[in-house]
There are 2 protein chains.
Amino acid sequence: MTYENLDAKLVNALLGDGRASLRSLAEELDVSVTTVSNHLSDLEDEGVIEGYTPRVDYDAVGYDVTAVIQLQVEGNALPDITDTLRDHRQMISVYEVTGDYDVIAIGKFKDTDGMNDQIKELLTDPDIKASNTSVVLNAVSENEQFELDIGEDA
Amino acid sequence: MTYENLDAKLVNALLGDGRASLRSLAEELDVSVTTVSNHLSDLEDEGVIEGYTPRVDYDAVGYDVTAVIQLQVEGNALPDITDTLRDHRQMISVYEVTGDYDVIAIGKFKDTDGMNDQIKELLTDPDIKASNTSVVLNAVSENEQFELDIGEDA
DNA sequence: CGTCGAGATTTTCGTACGTCATCACGTTCA
DNA sequence: TGAACGTGATGACGTACGAAAATCTCGACG
């Protein structure tokens with residue numbers, strides 16, 4: 001075939017417009033609609049593309065405060081803590097990490113009061129040994145998805 | 001009308017499937033296609049929905065390492081640092097924050113060597129007074145977008 | 001050891017059909 | 001008065017299917 005890395009190009013094109021039609025993608029990549037359809041199905045089956053979402057501006061709907069919460073946790077309680085955090089719907093990312101703290105979580109809140117209430121509630125857990133909360137003053141970039149190198153795919 | 005919060009429901013439905021057709025959305029929300037089309041256009045114009053993207057599993061394409069980088073920066077150099085970080089394509093989030101550090105950035109890398117190289121390069125900047133890198137052992141959840149309360153919209 | 005080619009496999013393509021998005025219009029309902 | 005609705009027309013869209021092209025496999029031959 002004429003295209004070495006159609007899959008990567010396809011992902012990159014979709015990163016530009018996640019609702020682009022198969023036809024417009026086909027034209028952009030200079031292949032047939034069928035080929036786009038086949039490759040896209042494959043990418044979805046392989047799990048490279050896990051789904052599609054709108055990019056919601058939470059600021060615009062009243063979630064004005066973002067916070068980065070770092071926790072030191074009793075070792076054996078880690079799964080419980082991370083489960084709890086994940087199930088908090090306003091937690092957008094929860095990471096187990098190396099370093100001074102064991103967990104880093106990022107959450108969004110409607111105001112600092114709501115944030116304080118929720119964080120205080122979390123910290124009642126006796127397995128949390130220490131915590132540190134940083135409030136985001138400015139989200140320079142957030143949840144960016146970068147384009148793939150042409151040459152890498154699944 | 002019969003629906004108090006069609007906008008929020010519409011956003012939530014799209015969070016479930018960002019490529020859903022207007023017709024399927026209309027059926028799901030029990031309103032007409034015309035209404036869905038109008039509201040969706042409004043949401044996009046208002047900036048509540050900023051666009052659409054595929055959810056790419058970067059693990060599946062070789063970016064196995066995620067790191068959280070915290071920096072202390074000379075005050076007047078902050079804009080330069082955040083600009084530099086944002087322009088690094090592998091940085092998915094860059095926040096200016098309160099607390100012990102001034103900047104928290106989250107990046108994805110193909111391996112720890114690549115990570116070390118990039119981070120070391122960043123830290124050559126004389127305006128960076130201190131830094132702390134945490135490697136993600138387990139991404140419990142990442143870039144989740146939560147559903148809106150029925151009752152809130154733009 | 002290199003390469004040749006027939007057959008099998010994979011990939012790409014064009015077509016066709018039913019569905020979809022969009023727009024303009026007038027209507028209904030609170 | 002404004003928001004939601006229905007209708008109809010038009011061009012675009014997604015998908016299925018078989019044909020065509022490219023690629024791979026592997027034994028045979030020089």
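Chain identifiers are assigned alphabetically (A, B, ...) following the order of the sequence lines, protein sequences preceding nucleic acid strands; residue numbering begins at 1 within each chain. Please read all numbers here as calculations on a predicted model, not as lab measurements.
Using modelled atom types, one finds no donor on one side chain facing an acceptor on the other under 3.5 Å when comparing A:Q90 with A:Y58.
Put simply, CG on B:D42 is 11 Å from C1' on D:dA3, counting in whole angstrom units. Atom CG of B:L10 is separated from atom P of D:dA4 by 11 Å (rounded to the nearest Å). Rounded to an integer number of Å, the gap from CG of A:L25 to P of C:dT12 is 15 Å. Rounding to whole angstrom units, CG of residue B:L22 and C1' of D:dC13 are separated by 12 Å. Distance, A:E27 CD to D:dG14 P: 13 Å, rounded to whole Å. If you measure from atom CG of B:L40 to atom P of C:dC23, you get 12 Å, rounded to the nearest angstrom. For the pair B:L6 CG and D:dG2 C1', the computed distance is 16 Å after rounding to whole Å.
The phosphate of C:dT11 has neither OP1 nor OP2 within less than 4.0 Å of any side-chain N or O from A:H39. Put simply, B:R23 has a side-chain N or O that comes within less than 4.0 Å of OP1 or OP2 on C:dC20.
Comparing A:V33 and B:T35, the nucleotide of DNA chain D nearest to each residue sits closer to the 5' end for B:T35. Each of A:S32 and A:R19 has a nearest nucleotide on DNA chain C; the 5'-most of these lies closest to A:S32.
When side chains are defined from C-beta on, A:V11 counts as touching A:L43, because their heavy atoms get closer than 4.5 Å. Taking 4.5 Å as the limit, some side-chain heavy atom of A:E74 sits within range of a side-chain heavy atom of A:K129.
A:T34 comes within contact range of at least one nucleobase, with a heavy-atom separation under 4.0 Å. Residue contacts for A:N38: at a heavy-atom cut-off of 4.0 Å it reaches a base atom on one of the strands shown.
Between A:D30 and A:K9 there is no salt bridge, since no side-chain N of the basic residue sits under 4.0 Å from a carboxylate O of the acidic one.
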Report task. Test side-chain contact (heavy atoms from CB on, under 4.5 Å) on A:V103 and A:V97 and set out the steps. Result -> CA-CA 6 Å; A:V103 175; A:V97 296; over 6 Å; no
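Residue A:S21 has its side chain nearest to D:dC13 when only C:dT22, C:dC20, D:dC13 are considered.
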